[in-house]
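The structure presented is a predicted model; accordingly, all values stated were derived computationally and were not measured. We count residues from 1, following the sequence as given.
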Amino acid sequence: MSDFVIRIPERFDFSTHKWFTAEYENGVQSGSTVILDFSNVLYVDSSALGMMVLLYRKLHECSKKGIIKNLDGTAKDILDMANFKNLYQYE
């Protein structure tokens with residue numbers, strides 16, 4: 001099994017829910033590690049945080065891990081305030 005990378009779009013909000021759910025379902029099934037690439041992200045809202053918690057729960061059920069890469073700026077501030085370091089490994 002290999003890593004499965006999900007490239008998060010500039011706006012990570014409820015409008016990405018259907019896409020993100022389909023992506024992470026594929027990732028959980030096919031990869032040992034799901035990597036969320038935040039290199040393009042400029043905006044994150046509370047629904048995105050909720051989706052990331054759901055992904056974490058799926059990964060935890062399957063004894064897999066999640067990694068967040070290229071996290072910076074406001075998105076990093078938001079995830080840090082929400083204590084996502086307790087759920088995901090940052091790289």
Side-chain angles (χ1 to χ4, degrees):
M1 292 208 173
S2 61
D3 294 343
F4 187 89
V5 178
I6 301 174
R7 287 175 181 76
I8 308 298
E10 272 186 32
R11 290 187 59 85
F12 190 23
D13 57 21
F14 188 74
S15 69
T16 62
H17 180 267
K18 195 173 197 176
W19 166 82
F20 184 71
T21 303
E23 284 291 303
Y24 82 60
E25 290 288 347
N26 287 335
V28 170
Q29 291 174 13
S30 65
S32 57
T33 300
V34 174
I35 297 173
L36 303 179
D37 182 352
F38 268 70
S39 56
N40 295 320
V41 177
L42 299 175
Y43 177 81
V44 177
D45 74 1
S46 60
S47 64
L49 299 180
M51 292 184 280
M52 291 176 67
V53 169
L54 292 175
L55 169 56
Y56 168 77
R57 289 180 182 162
K58 280 262 191 205
L59 291 168
H60 190 72
E61 286 173 9
C62 301
S63 299
K64 296 181 181 182
K65 69 177 183 175
I67 297 174
I68 298 174
K69 281 190 171 182
N70 304 313
L71 185 61
D72 199 13
T74 305
K76 182 180 185 325
D77 293 342
I78 291 169
L79 268 62
D80 286 350
M81 281 189 283
N83 291 317
F84 271 69
K85 283 184 181 179
N86 296 333
L87 306 180
Y88 290 90
Q89 177 182 328
Y90 286 16
E91 284 187 2

Open item on the list: I'd like to know whether Thr33 forms a side chain to side chain contact (heavy atoms under 4.5 Å, CB included) with Ile35, so could you lay out the CA-CA distance, the side-chain angles of the two residues, the decisive distance to 0.1 Å, and finally the verdict.
Closed with: CA-CA 6 Å; Thr33 300; Ile35 297 173; 4.2 Å; yes
Task: Full working for side chain to side chain contact (heavy atoms under 4.5 Å, CB included) between Met51 and Phe14 - done: CA-CA 9 Å; Met51 292 184 280; Phe14 188 74; 5.9 Å; no
TODO: Please check if Leu36 and Val5 belong to a single hydrophobic cluster, counting links between Ile, Leu, Val, Met, Phe, Trp and Tyr side chain heavy atoms closer than 4.5 Å.
DONE: no
TODO: Output yes when Arg7 and Glu23 qualify as a salt bridge under the 4.0 Å nitrogen-oxygen rule, no when they do not.
DONE: no
TODO: Report whether Ile67 and Val53 are members of the same hydrophobic cluster (ILVMFWY, side-chain heavy atoms less than 4.5 Å apart, transitive linking).
DONE: no
Task: Exam field: side chain Thr21 to backbone Lys18, donor-acceptor pair closer than 3.5 Å - done: no
- [ ] Would you sort out whether Lys65 and His60 count as a side chain to side chain contact (heavy atoms under 4.5 Å, CB included), showing the intermediate values?
- [x] CA-CA 7 Å; Lys65 69 177 183 175; His60 190 72; over 6 Å; no
Task: Minimum heavy-atom distance Val28-Val34, with the two atoms named - done: N-CG2, 4.1 Å
- [ ] For the pair Phe20 and Tyr24, name the ring-plane relationship: parallel under 30°, tilted 30 to 60°, perpendicular over 60°.
- [x] perpendicular
- [ ] Check whether any side-chain heavy atom of Val41 lies under 4.5 Å from a side-chain heavy atom of Pro9, and answer yes or no.
- [x] no
Open item on the list: Are the side chains of Leu49 and Phe84 in contact, using a 4.5 Å heavy-atom criterion?
Closed with: yes
Open item on the list: Working to the nearest 0.5 angstrom, can you tell me the gap between Glu10 CD and Ser39 OG?
Closed with: 10.5 Å
Task: Over 12 foreign heavy atoms within 6.0 Å of OH, Tyr90 - done: yes
Open item on the list: Rounded to the nearest 0.5 Å, what separates atom OH in Tyr88 from atom CG in Leu55?
Closed with: 3.5 Å
Check residues 69-78 and write down every donor-acceptor pair under 3.5 Å in which the side-chain atom is one partner and the other belongs to a residue at least two apart or another chain.
residue	atom	partner	partner atom	Å
Asn70	ND2	Asp37	OD1	2.9
Lys76	NZ	Asp80	OD2	2.7

Task: Contacts of Asn40 that satisfy side chain to side chain donor-acceptor pair (under 3.5 Å) - sequence neighbours left out - done: none
TODO: Treating Ile, Leu, Val, Met, Phe, Trp and Tyr as nodes and any side-chain heavy-atom pair under 4.5 angstrom as an edge, say whether Phe38 and Ile6 lie in one connected cluster.
DONE: yes
Task: Shortest non-hydrogen contact between Glu25 and Lys58, atoms and distance - done: OE2-CE, 3.1 Å
- [ ] Return the minimal non-hydrogen interatomic distance between Ser32 and Asp3, and the atom names on each side.
- [x] OG-OD1, 4.3 Å
Task: Cluster check Leu54, Tyr56: I/L/V/M/F/W/Y, side chain < 4.5 angstrom - done: yes
Open item on the list: Does Val44 form a side chain to side chain contact (heavy atoms under 4.5 Å, CB included) with Asp13? I'd like the steps, not just the answer.
Closed with: CA-CA 6 Å; Val44 177; Asp13 57 21; over 6 Å; no
